[in-house]
Amino acid sequence: MNAVAEKNPVSYLVDQLTFNEKVERSLALIENAYREFGETLVVANSLGKDSVAVWHLAKQISSAIRGFIVTTRFKPKETKEFMREQIRAYPELQVFQNDEAIPHNLYAMDPDRCCDLLKVKPTRRAIEDMGVRCWVTGLRCTEGRTRTDYQEVEERDRGLVKLNPILLWKEREVWQYLALNNVGVNPLYARGYRSLGCEPCTRITSDDNERAGRWVGTSKCGGECGIHTRPLKA
Ligand code: SF4
């Protein structure tokens, strides 16, 4: 490994590995973690393209691997319908949603608080209720400005390993994998969305940044809901 690679091995590998090498690496990461964590390894499925790719990879390792979906009252109807389809196909996917009352227009007034209540809180509950010791995500380091500082295997919360098996994949490689494996996706992608979230906080944009359509017009634009940045264990 040269000096550039030593300084930033993750971004170095993004350009060095071929598509097939990345797929093999992702499968090996999930397989090794599943060997260690067994049924306490659980996939977080956001129903976006990256999540369905990770879900498909995980199912090649074991059909018994479980998953959870965190949804909100503000998800687009297409996402809700896609969620129902996924649950019909995979009953081992559990859904978590926070239905508590929140202030009107909280997403506009205080999106951090809204995401904390509607996304982070039910994610914590999923991890607790499902006895998760290793959660598997579809996070990729080329998605945007907030996603460059991650590793494939992390332990940001003590006792909870986070596996990011497609961290090195580019957007194009995700679509390549989904096409080659005939994996169905949320129909909103056909309309031009590149990153999917709640309806009031997601736009179609022409920006190069994949997550630029998220929280447009707020300080959170292109940012994070909090499940990757906030503590998930008490
Ligand atoms: S994405 Fe928007 S509507 Fe959804 S939880 Fe976050 S702030 Fe609320």
Side-chain angles (χ1 to χ4, degrees), residues 43-59 67-91 93-99 102 105-108 111-112 114-115 117-120 122-123 126 136-147 164-167 169-218 220-228:
V43 176
N45 190 337
S46 74
L47 303 168
K49 66 188 187 311
D50 309 299
S51 284
V52 292
V54 168
W55 184 244
H56 187 272
L57 287 163
K59 287 288 153 182
F68 69 81
I69 294 169
V70 169
T71 190
T72 79
R73 68 199 77 180
F74 297 118
K75 290 285 184 181
K77 65 178 187 331
E78 292 85 350
T79 301
K80 288 180 181 166
E81 179 51 33
F82 184 64
M83 180 178 81
R84 285 190 282 273
E85 281 171 23
Q86 292 293 298
I87 295 164
R88 274 195 293 274
Y90 303 104
L93 281 170
Q94 289 187 43
V95 178
F96 292 83
Q97 175 167 340
N98 181 1
D99 287 322
I102 61 170
N105 277 352
L106 184 62
Y107 55 77
D112 283 329
C114 188
C115 279
L117 288 168
L118 302 190
K119 291 188 169 181
V120 179
T123 302
V136 186
T137 87
L139 194 143
R140 291 184 296 105
C141 66
T142 52
E143 276 179 283
R145 60 178 172 82
T146 57
R147 302 222 160 164
N164 304 314
I166 62 166
L167 186 72
W169 292 28
K170 297 176 184 172
E171 185 182 23
R172 183 259 301 164
E173 290 165 327
V174 175
W175 287 116
Q176 194 173 348
Y177 179 85
L178 296 172
L180 289 169
N181 290 284
N182 274 325
V183 180
V185 294
N186 189 320
L188 288 173
Y189 287 113
R191 295 232 220 112
Y193 289 92
R194 287 173 71 201
S195 176
L196 304 180
C198 294
E199 194 154 24
C201 305
T202 309
R203 301 269 185 283
I204 297 171
T205 74
S206 57
D207 197 292
D208 278 347
N209 180 341
E210 202 177 323
R211 290 175 64 78
R214 308 290 293 275
W215 302 284
V216 173
T218 76
K220 207 172 163 68
C221 184
E224 294 291 331
C225 67
I227 66 165
H228 295 301

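Numbers here are sequence positions counted from 1.
- With respect to the salt-bridge test (charged N to carboxylate O, under 4.0 angstrom), the residues Lys77 and Glu199 do not qualify.
- In terms of the ring-ring contact (aromatic ring centres under 6.0 Å, His included) criterion, residue partners of Trp169 (sequence neighbours excluded) are, by chain and number, Tyr177.
- Taking Tyr90 as the reference, Trp55 meet the ring-ring contact (aromatic ring centres under 6.0 Å, His included) condition, with sequence neighbours excluded.
- Listed by chain and residue number, Gln176 satisfy the side-chain contact (heavy atoms from CB on, under 4.5 Å) test with Arg172 (two or more places apart in sequence, or in another chain).
- Rounding to the nearest 0.5 Å places NZ of Lys80 at 9.0 Å from CZ of Phe74.
- For Phe82, the ring-ring contact (aromatic ring centres under 6.0 Å, His included) test picks out no residue, with sequence neighbours left out.
- Contact annotation: the side chain of Leu188 approaches that of Thr79 to within less than 4.5 Å [non-hydrogen atoms, C-beta and beyond].
- Rounding to the nearest 0.5 Å places OG1 of Thr71 at 12.5 Å from CZ of Phe96.
- Every side chain to side chain donor-acceptor pair (under 3.5 Å) that Asn105 has, sequence neighbours left out, goes to Tyr107.
- Note: Gln97 CD to Thr72 OG1 = 6.5 Å, rounded to the nearest 0.5 Å.
- For the atom pair CG of Asn164 and NE2 of His228, the computed distance is 7.5 Å after rounding to the nearest 0.5 Å.
- The two residues Val54 and Gly138 make their nearest non-hydrogen contact at CG2-CA, 3.7 Å.
- Atom OG in Ser46 sits 7.5 Å away from atom CG in Leu196 (nearest 0.5 Å).
- Listed here is the closest heavy atom pair of Cys225 and Cys115: O-CB, 3.2 Å.
- Side-chain N or O atoms of Thr142 include none that pairs as donor or acceptor with a backbone N or O of Lys170 at under 3.5 Å.
- Considering every non-hydrogen atom in both Thr146 and Gly223, the closest pair reads CG2-CA, 3.9 Å.
- Residues satisfying the side chain to side chain donor-acceptor pair (under 3.5 Å) test with Thr218, not counting sequence neighbours, are none.
- Using modelled atom types, one side-chain atom of Asp207 and one backbone atom of Asn209 make a donor-acceptor pair closer than 3.5 Å.
- Under the rule for a side chain to side chain donor-acceptor pair (under 3.5 Å), the partners of Lys59 that lie at least two apart in sequence or sit in another chain are Glu92.
- In this view, Ile204 and Tyr193 satisfy the side-chain contact (heavy atoms from CB on, under 4.5 Å) rule, not counting sequence neighbours.
- Within the 4.5 Å cutoff, no side-chain heavy atoms of Val136 are placed close to those of Leu57.
- Remark: Glu171 engages Lys49, Arg140, Trp175, Arg194, Glu210 in a side-chain contact (heavy atoms from CB on, under 4.5 Å) (not counting sequence neighbours).
- Rounding to the nearest 0.5 Å places CD1 of Ile102 at 6.5 Å from CG of Leu117.
- Not counting sequence neighbours, the partners of Ser195 by the side-chain contact (heavy atoms from CB on, under 4.5 Å) test are Arg211, Arg214.
- Annotation for Asn98 and Leu118: closest pair O-CD2, 3.7 Å, computed over non-hydrogen atoms.
- Checked against salt bridge (charged side-chain N to carboxylate O under 4.0 Å, His left out), Arg84 has the following partners two or more places apart in sequence or in another chain: Glu81.
- Counting heavy atoms from C-beta on, the side chains of Glu143 and Asp50 come closer than 4.5 Å.
- Nearest heavy-atom pair across Asn186 and Leu47 is CB-O, 4.0 Å.
- Across Pro122 and Val70, no two heavy atoms sit closer than the pair CG-CG1, 3.8 Å.
- Proximity of Leu139 to Leu167: side-chain heavy atoms (C-beta onward) are separated by under 4.5 Å at one or more points.
- Contacts of Glu78 classified as side chain to side chain donor-acceptor pair (under 3.5 Å), with partners at least two apart in sequence or in another chain: Arg191.
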